[in-house]
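Note sheet for the following structure.
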Amino acid sequence: MRLLPDEWRNANIALLILCFLPWGCGIGQAKHEASIELSKIPPAAQGGRERVDTIAGRVVGGHPGQHIVVYARSGPWWVQPWPEQALIPIQTDATWSTSTHLGFEYAALLVEPGYHPAPTMDVAPSPGGSVVAVTIVKGVGAVALAPTKPLHFSGYDWKIRTIAGDRGGLNNLYDGDNAWTDVKGAMHLRIKKRDGRWSCAEAELTQSLGYGTYIVVVRDTTHLEPAAVLSINTFDDWGGEQHYREMDVEMGRWGDPHNKNNAQYGIQPFYVPGNVAPFTAPSGTLTHSFHWESGRASFKTVRGGSMQAGAPVVYEHIFNSGVPSPGRENIQFLFYVVASDKNPLQRENEVVVEKFEYFP
């Protein structure tokens, strides 16, 4: 079809207008990869639901229908601001903005229509598939760690958590008053009501110990409600590539009162067959130990308050695959509430840890 002069002129005007839109016309131009520029970067700080800030930027070379997805890293990478609000619209001038919880680093993803963001990631996201571009930056300023309460227990210094955290499918409060030592030196961990919500306890060693033997003496835990769990574990906030170097001894029924197993050993990720070893812990004081060496983690639980020869063995298990190497991990005691619609927590719960020992 031959265009008349007026039609030709109108068509060229329409094409010129299209090329001045933020997305560009792409005709007669070299193909450029899309990118994300950041204009507002939040501070570097340990995550938690207590503080939020704004992250903002601009897309270069994007296309209509695409969205921005933001992750903040504090331990895992957490999608922002919430999983149900993860797809951030891009404005007609190619800018975008959203609120975010704080983290040590921030990642902005340019994604195609139909992309479904994961709530968390262990490692930093990268381009590929429906992820068109990724920009990762460190938070602004020196890293601000959340305030903790100091505690001295078994000859070591510990930090008691004071901010909320996600564990067991719930966002739990944590209170510095929920961990203390008695006159005999034993550490008490408590779950109690605060402002109508349960607040939990977390004690983290201030130093990383690495390979060696860890021994913990714990008084009877068979009285715990089904929704209360005690976890003794290693954890590395910076070790996402090795599933945070998490290895666990845990006591609890994870919300199921009929679960015959009220304890387990595990290494992350728990969904891998063979990475969890459940067992039944009897009443009374028990001593739990695990020996960590290259490619091997050996767990054992015995009756009584020591690992002395002849102590009755309750259960033991050896993991030979997926065992992490040392990094910046710390030993933690966590006493927390798990999600349980049928058996929610009803009352205060308390556990007592008599002793912690480490041998290189």
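Because the structure is a prediction, the values reported are computed rather than measured. Positions are given from 1, in the same order as the sequence printed here.
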Check your understanding: Does any non-hydrogen side-chain atom of Tyr211 lie less than 4.5 Å from one of Ser294?
Key -> yes
Point to revise | Ala228 versus Ile191, closest heavy-atom pair with distance | key: CB-CD1, 4.1 Å
Point to revise | Approximate separation, where rounding is to 0.5 Å, of Glu112 CD and His63 NE2 | key: 7.5 Å
Review point. Do we see a donor-acceptor contact under 3.5 Å between the side chains of Gln80 and Ser99?
Key: no
Practice item. Please report the shortest heavy-atom distance between Leu151 and Trp180, naming the atom on each side. Key: CD1-CA, 4.1 Å
Exercise for review: With ring-ring contact (aromatic ring centres under 6.0 Å, His included) as the test, would you mind laying out the steps for Trp238 and Tyr244 before giving the verdict?
Suggested key: CA-CA 7 Å; Trp238 307 87; Tyr244 307 101; over 10 Å; no
Point to revise | Side-chain (His223) to main-chain (Glu350) donor-acceptor, under 3.5 angstrom | key: yes
Revision key, fill the gap. Heavy-atom closest pair (Arg347 atom, Asn349 atom, distance to 0.1 Å) is O-ND2, 2.9 Å
Practice item. Could you tell me the separation between the CZ atom of Phe279 and the OH atom of Tyr315, rounded to the nearest 0.5 Å? Key: 8.0 Å
Review point. Taking Thr234 for the side chain and Met247 for the main chain, is one N or O donor matched with an acceptor at less than 3.5 Å?
Key: yes
Exercise for review: Indicate, with yes or no, if the rings of Trp158 and Phe333 have centres closer together than 6.0 Å.
Suggested key: yes
Practice item. Please confirm whether Arg161 makes a cation-pi placement over Tyr174, using NZ or CZ under 6.0 Å from the six-membered ring centre and within 45° of the ring normal. Key: yes
Point to revise | Charged tip of Lys193 within 45° of Trp198 ring normal and under 6.0 Å | key: yes
Review point. Do you know which two heavy atoms are closest between Ala86 and Val79, and how far apart they sit?
Key: CB-CG2, 3.5 Å
Check your understanding: Do Thr285 side-chain atoms and Arg219 backbone N/O form a donor-acceptor pair below 3.5 Å?
Key -> no
Revision key, fill the gap. Gly327 and Ser208 have their tightest heavy-atom pair at O-OG, 3.8 Å
Review point. Is there a donor-acceptor pair under 3.5 Å between the side chain of Gln346 and the backbone N or O of Pro344?
Key: yes
Check your understanding: Are the side chains of Ser97 and Lys40 in touch, meaning some heavy atoms are under 4.5 Å apart?
Key -> no
**Study point:** Any side-chain heavy-atom pair of Phe299 and Val249 under 4.5 Å
**Key:** yes
**Study point:** Any donor-acceptor N/O pair, Thr100 side chain to Asp53 backbone, under 3.5 Å
**Key:** no
Point to revise | Ser74 versus Gln46, side-chain donor and acceptor atoms under 3.5 Å | key: no
Exercise for review: Would you please test Ser231 and Gln332 for side-chain hydrogen bond (donor to acceptor under 3.5 Å, both in side chains) and show each step?
Suggested key: CA-CA 8 Å; Ser231 177; Gln332 298 177 335; over 6 Å; no
Exercise for review: Inspect the surroundings of NZ in Lys355 and state if more than 12 heavy atoms from other residues, nucleotides or ligands are less than 6.0 Å away.
Suggested key: no
Check your understanding: Which is it for Thr135 and Leu38 under the side-chain contact (heavy atoms from CB on, under 4.5 Å) test, yes or no, and what are the steps along the way?
Key -> CA-CA 8 Å; Thr135 296; Leu38 295 181; 4.2 Å; yes
Practice item. I would like to know whether Leu189 and Leu230 meet side-chain contact (heavy atoms from CB on, under 4.5 Å); could you show each step before the answer? Key: CA-CA 9 Å; Leu189 303 174; Leu230 172 66; 4.0 Å; yes
Check your understanding: Considering only heavy atoms from C-beta outward, does the side chain of Met307 approach that of Lys300 to under 4.5 Å?
Key -> yes
Review point. Taking atom CG of Asn320 as the centre, does the number of heavy atoms from other residues, nucleotides or ligands within less than 6.0 Å exceed 12?
Key: yes
Review point. Once you round to the nearest 0.5 Å, how far does CG of Leu102 lie from CZ of Arg51?
Key: 5.0 Å
**Study point:** Test side-chain contact (heavy atoms from CB on, under 4.5 Å) applied to Thr148 and Ile160, step by step
**Key:** CA-CA 5 Å; Thr148 58; Ile160 309 304; 5.8 Å; no
**Study point:** Pairing of Asp256 and Lys342 as salt bridge, 4.0 angstrom limit
**Key:** no
Point to revise | Donor + acceptor pair across side chains of Glu246, Asn233 (<3.5 Å) | key: no
Check your understanding: Taking His101 as the fixed residue, which of Trp82, Tyr106, Trp78 is the one that meets the ring-ring contact (aromatic ring centres under 6.0 Å, His included) rule?
Key -> Trp82
Point to revise | Beyond-backbone contact of Arg197 with Asn171, side-chain heavy atoms, under 4.5 angstrom | key: yes
Exercise for review: Please check if the side chain of Asp236 supplies one atom and the backbone of Arg328 the other of a donor-acceptor pair under 3.5 Å.
Suggested key: yes
**Study point:** Asn178 side chain to Ser199 side chain, donor-acceptor N/O pair below 3.5 angstrom
**Key:** yes
Practice item. Look only at the side chain of Asn275 and the backbone of Pro269, and say whether a donor-acceptor pair between them is shorter than 3.5 Å. Key: yes
Review point. Does Ser325 offer a backbone N or O that forms a donor-acceptor pair with the side chain of Gln242 under 3.5 Å?
Key: yes
Study note, to complete from the structure: Rounded to the nearest 0.5 Å, the NE2 atom of His152 sits from the CE atom of Met187 at a distance of 12.5 Å
Review point. For Asn261, does its backbone N or O pair with a side-chain atom of Asn259 as donor and acceptor, under 3.5 Å?
Key: yes
Review point. Looking only at side chains, do Tyr265 and Thr301 share a donor and an acceptor under 3.5 Å apart?
Key: yes
Point to revise | Centroid-centroid under 6.0 Å between Phe356 and Tyr156 rings | key: yes
Check your understanding: Any salt bridge between Arg190 and Asp175, counting N to O under 4.0 Å?
Key -> no
Point to revise | Note, Val323 side chain near Arg296 side chain (heavy atom, < 4.5 Å) | key: no
Practice item. Flag the pair Lys149 / Lys159 as yes when at least one side-chain heavy-atom distance between them is below 4.5 Å, and no otherwise. Key: no
Review point. So, do His317 and Phe319 have ring centers that fall under 6.0 Å from each other?
Key: yes
Review point. Would you say the side-chain atoms of Asn172 pair up with the backbone N or O of Ala164, donor to acceptor, closer than 3.5 Å?
Key: no
**Study point:** Flag side-chain contact, heavy atom, 4.5 Å: Asp122 against Glu241
**Key:** no
